[in-house]
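Worth saying up front: this structure is predicted, and the values here are computed from it rather than measured. Throughout, residue positions are numbered sequentially from 1 according to the sequence presented. Remember, it's 1-based here, ligands and their atoms both numbered in the order they're listed.
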Amino acid sequence: MAELRKIVAAAAFFASYVAAAPVKRNQISFLQKTGEDAAIFKLGDISYLANTAYPTVTAGLTGQRDFAGVGATLPITVISTNVSTVSNQTLEIILESYASSDDVYTTDFLESVYIASTAGTASIDASALSYLTGIDVKHTLVPAGTRMASSYGQSTATIASGNLTALLPGPYLAIFTAGSVSFAPVYRLYEDTYRDFLYGAYSSGDGTASFTPLDRSLPSFGYPAIPVPSRLYYLNDPRPFAGFRVAIKDLYDMKGLVTTGGSQAWAYISKPANSTAPSIQRILELGGILVGKFKLAQFASGANPWDWQDEHYPFNPRGDGWLTCSASSSGGGCSIAAYEWLDFAIGSDTGSSMRRTAAVSGTFGNRPSQGMITLEGVIPLGGATDTAGVFSRDPYKWSYFAKHWYAPSLHQSSNLTGLSALTVPDTDGFPKTILYPTDYLPLNNSAAEPILDALIANMSSLFGMTVKRFNFTATVESATDPAVANITALNNGPIGIIDSYTQWEVIAKPLITAWAKLFDGRFPPIDSARREGWQTYNETANSLSAYNNALMQKNAAVQWYETHLQYSTAESCSESVMLYDIGTGGLPSYREEDLNNSPNASFLAEKPPGAAITGASICPSYGCADFTVPIGQVPYYSQVTFHTEMVPVTINMVVKRGCDFVLFNMIEKLADAGVLKTVKTGKTAF
Ligand SMILES: *[C@@H]1O[C@H](CO)[C@@H](O)[C@H](O)[C@H]1NC(C)=O
Ligand SMILES: *[C@@H]1O[C@H](CO)[C@@H](O)[C@H](O)[C@H]1NC(C)=O
Ligand SMILES: *[C@@H]1O[C@H](CO)[C@@H](O)[C@H](O)[C@H]1NC(C)=O
Ligand SMILES: *[C@@H]1O[C@H](CO)[C@@H](O)[C@H](O)[C@H]1NC(C)=O
Ligand SMILES: *[C@@H]1O[C@H](CO)[C@@H](O)[C@H](O)[C@H]1NC(C)=O
Ligand SMILES: *[C@@H]1O[C@H](CO)[C@@H](O)[C@H](O)[C@H]1NC(C)=O
Ligand SMILES: *[C@@H]1O[C@H](CO)[C@@H](O)[C@H](O)[C@H]1NC(C)=O
Ligand SMILES: *[C@@H]1O[C@H](CO)[C@@H](O)[C@H](O)[C@H]1NC(C)=O
Ligand SMILES: *[C@@H]1O[C@H](CO)[C@@H](O)[C@H](O)[C@H]1NC(C)=O
Ligand SMILES: *[C@@H]1O[C@H](CO)[C@@H](O)[C@H](O)[C@H]1NC(C)=O
Ligand SMILES: *[C@@H]1O[C@H](CO)[C@@H](O)[C@H](O)[C@H]1NC(C)=O
């Protein structure tokens, strides 16, 4: 096949060379300069941004021969090779691989080229030069000392100075002056047609490690433009996350950007972050790229779609396009379900946010063990219930990302979590038991249950696990310690205090105080999810000593859980894996409130009859790891399109605190066996 493609390409080239038919290349059309002095331009139908304010490299030009580029701004491709003699074949192979491995580079960037070899002094032979002529390259740049076959009748110039090691292969915008050329890095601008982002952002490139917000949207519906750099810049980058494109919940600080928490009032009183949150900084250090901030329920609340006022609720690509994205990490899961050009999204989970968003968007999303990664530089909700997770479409990439991201050096301290220090073994000490809680299962839609049954059968046969049906609520209620046994009291009391205290101290109180001072005693305009709770917040009831007491009660509950419910044995990190559903059990849940009253639809976050708490509340209370995993899909009759559509079916897998990596290893094994699969973007996950 590859051979055939080469022959076809060669034949096409030969034909065009012989007939001297002009290569059709889209010419650059400049659209505008941004406020930050970047250039926005188009090549054909594709929009790009070039960071002309801070080029990657500015180099001195000499040895110009018929050089027609002076004064021009041109698309250019940096071609990097390690051969000492560059031939037509060298170029053809490289350019084919650039085209097939990147969505930013196109042949429109072949208006000009810079050919550099790592093999020291290189020569460019006559076949290479006629190849460049054949594909209508107008200007060729080479490093000083390069030998060129003499017959080349084209515009050439030599780069004599500049830090050329910084010039990575790929597309750039070249700005030529009489004595120099600047290479501005280019970003393809993708339209966020599902409106899952607040805005796109890119690395400022000014040496301060800060980010520049991109204040550009498309006129009709205001879709944000999301800048995505060429994957080619990272071709030779050995770092584990080189070139990964990552979206960030607007709860995490990125240097240079205002962290809004989804609130215009909070944004109004806030300054751009002066450093990047350490958890996000780690992604950068590993080579990842941050492409923008995604939408969230204000201050990480659990607000329903119809209760969003400050932001327009994001769209879910699944099914009829009118389904909920859930609450606080909504823009993250839905953007991962929507866009092939996005690799990962970083959200947070206090009460359900990563897991429920993953469930309704049909993506992989995790709530890690309590204390897994620092949340410094992140707008808090509950200091000892907040966690940071990652969305992905692929089980292997999800596991890979998490295992590299969650470094022991970034674990939270015990005095913050109120729990024992976290240890996270990376072994194949898989669970022996599948816990099937009869108060949370079967799935609400009976058409979805066979998908779960097949998974359970697969897990049993692959790992030799046995299924244990039990009543979660009754089991906890059988605890001898009344503080542990009263599961409702634990959730309404200590967990309730933990879930509000930190946000009150760090966000709510300062905002309310600042707003009153600025606006004659007025309360800040915020969404309804938080208004009443903040307005009636009782600082006496929620004192520091009440908070510390709550941490102790939570710790007691965790210790009970890890003794009686999910515990370690010599063979297993977590003796059991508990399954439940955090979503709708295979029913549609719409973004429009009333539609959820239709017979075959469901509201989200429903507590099953007989259960004391929602399944989502289990791990925030007991510190455990809880992952949402897509396992299939079922049809539903849409109340919006009046047509049959598909809704994702997911399952949650819960293991004892600290057993995240073992669970990831188990998930990889399930993927090896073909039981778990990569999900697609768009209307259907499978
Ligand atoms: C040049 O690059 C190719 C492809 O990456 C590699 O296989 C080859 O070993 C390299 N040669 C040298 C001399 O580095
Ligand atoms: C490269 O050039 C040689 C002539 O120098 C020609 O025979 C060959 O077909 C060319 N190959 C490609 C891939 O264009
Ligand atoms: C040249 O660029 C490389 C890669 O960006 C960088 O590591 C190096 O420090 C730069 N050298 C100078 C002299 O600026
Ligand atoms: C950075 O911002 C934080 C919080 O807004 C502030 O406490 C700190 O002093 C600032 N640091 C610098 C170096 O400006
Ligand atoms: C945690 O420990 C630090 C340093 O010992 C201390 O300043 C802080 O107050 C402690 N936090 C809590 C919640 O106890
Ligand atoms: C998983 O279960 C399905 C349905 O029972 C079965 O067809 C399939 O072969 C199983 N796969 C593995 C890997 O056990
Ligand atoms: C559990 O605690 C609540 C207070 O949150 C109380 O009203 C209820 O009676 C308790 N239940 C039992 C069984 O003790
Ligand atoms: C606040 O909480 C304290 C202590 O629980 C209680 O005595 C007081 O009545 C509460 N205040 C209000 C306004 O509810
Ligand atoms: C709900 O679903 C059931 C089972 O698929 C079907 O028989 C019934 O007609 C549906 N009801 C409505 C109102 O769509
Ligand atoms: C199950 O679905 C029904 C609608 O068919 C819904 O009313 C109920 O709340 C759902 N239960 C759960 C636990 O989601
Ligand atoms: C589970 O136990 C609780 C508490 O004892 C009870 O209310 C509920 O009905 C039970 N659920 C099932 C499905 O057995």
*Asks:* Check each atom of ligand 10 against the heavy atoms of Pro599 and keep those under 4.0 Å away; list them by number with element.
*Replies:* 4 (C), 5 (O)

*Asks:* Is ligand 10 less than 4.0 angstrom away from at least one heavy atom of Ala601?
*Replies:* yes

*Asks:* Over 60° means perpendicular and under 30° means parallel, so classify the ring planes of Tyr233 and Tyr172, tilted if in between.
*Replies:* tilted

*Asks:* Should the ring pair Tyr561 and Phe472 be called parallel, tilted or perpendicular, given that the plane angle runs from 0 to 90° and is split at 30 and 60?
*Replies:* tilted

*Asks:* What class does the angle between the rings of Phe241 and Phe244 fall in, given that below 30° is parallel, 30 to 60° is tilted and above 60° is perpendicular?
*Replies:* parallel

*Asks:* Enter the distance from Thr324:OG1 to Phe603:CZ here, rounded to the nearest 0.5 Å.
*Replies:* 11.0 Å

*Asks:* Examine Asn444 against ligand 10 and note whether any of their N/O atoms are separated by less than 3.5 Å.
*Replies:* yes

*Asks:* Tell me whether ligand 10 is touched by Thr584 - counting only heavy atoms on the residue side and a distance under 4.0 Å.
*Replies:* no

*Asks:* Of all the heavy-atom pairs spanning Val104 and Phe109, show the shortest one and how long it is.
*Replies:* O-CE1, 3.8 Å

*Asks:* Short list, please: which atoms of ligand 10 are under 4.0 Å from a heavy atom of Leu587?
*Replies:* 2 (O), 5 (O)

*Asks:* For ligand 4, list all ligand N or O to protein N or O distances below 3.5 Å, rounded to 0.1 Å.
*Replies:*
unit_1, atom_1, unit_2, atom_2, d
ligand 4, 2 (O), Asn274, OD1, 3.3
ligand 4, 2 (O), Asn274, ND2, 2.4
ligand 4, 11 (N), Asn274, ND2, 2.8
ligand 4, 14 (O), Asn274, ND2, 3.1

*Asks:* Salt bridge or not between Asp349 and Arg367? Use side-chain N to carboxylate O under 4.0 Å.
*Replies:* yes

*Asks:* Does Lys607, backbone or side chain, put an N or O under 3.5 Å from an N or O of ligand 10?
*Replies:* no

*Asks:* Give me the ring orientation class for Tyr313 and Trp308: parallel if the planes are under 30° apart, tilted from 30 to 60°, perpendicular past 60°.
*Replies:* perpendicular

*Asks:* Can Arg469 be said to sit on top of Tyr436's aromatic six-ring, NZ or CZ under 6.0 Å from centre and within 45° of the ring axis?
*Replies:* yes

*Asks:* Would you mind running through ligand 3 and noting each atom that sits below 4.0 Å from a heavy atom of Thr165?
*Replies:* 1 (C), 2 (O), 3 (C)

*Asks:* Step by step, would you call Ser361 with Asn316 a side-chain hydrogen bond (donor to acceptor under 3.5 Å, both in side chains)?
*Replies:* CA-CA 7 Å; Ser361 61; Asn316 187 340; 5.8 Å; no

